[in-house]
Amino acid sequence: MPIQLDFILRCLVAMTEPDPALRTRPSRQAAKDYDWLGSVITKHYHGDDSEVGVLASGVLAAFAGVPVGEFESLVQHRGGKTERGP
């Protein structure tokens with residue numbers, strides 16, 4: 001699994017800790033359900049993006065307003081930590 005994807009999934013899970021209501025959202029559940037995630041990725045590579053939106057909605061929420069360069073820096077310099085901030 002690419003380090004960026006691992007980081008994203010950890011952030012999706014971490015977002016549910018302070019807000020338990022998020023735990024019921026499909027994009028957050030997907031972060032812990034590797035069978036579902038694998039299925040989405042396999043379907044995507046076969047041209048079926050019907051479930052990619054579920055995952056993408058969580059990613060967009062987790063990193064809203066974060067520029068690409070800052071995201072890369074977060075991934076590389078936080079050593080897998082999931083909190084965001086200065």
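Side-chain heavy atoms closer than 4.5 Å link hydrophobic residues (I, L, V, M, F, W, Y) into clusters, and following such links, possibly through other members, connects I8 to V54. The cluster map of Ile, Leu, Val, Met, Phe, Trp and Tyr, joined by side-chain heavy atoms under 4.5 Å apart, puts V52 and Y45 in the same cluster. F7 and L60 end up in different hydrophobic clusters when Ile, Leu, Val, Met, Phe, Trp and Tyr side chains are linked at under 4.5 Å. Tracing side-chain contacts under 4.5 Å through hydrophobic residues (I, L, V, M, F, W, Y), one never reaches V66 starting from V13; they form parts of separate clusters.
The main-chain N or O of W36 is found under 3.5 Å from a side-chain atom of D33 such that the two form a donor-acceptor pair.
Heavy atoms only, all atoms of each residue included: P18 and A14 are closest at CD-O, 3.3 Å.
Between D6 and R10, some side-chain heavy-atom pair lies under the 4.5 Å cut-off.
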request  = Start with the C-alpha distance between L9 and L37, add both sets of side-chain angles, then the distance that settles side chain to side chain contact (heavy atoms under 4.5 Å, CB included), and finish with yes or no.
outcome  = CA-CA 10 Å; L9 296 176; L37 180 62; 3.5 Å; yes
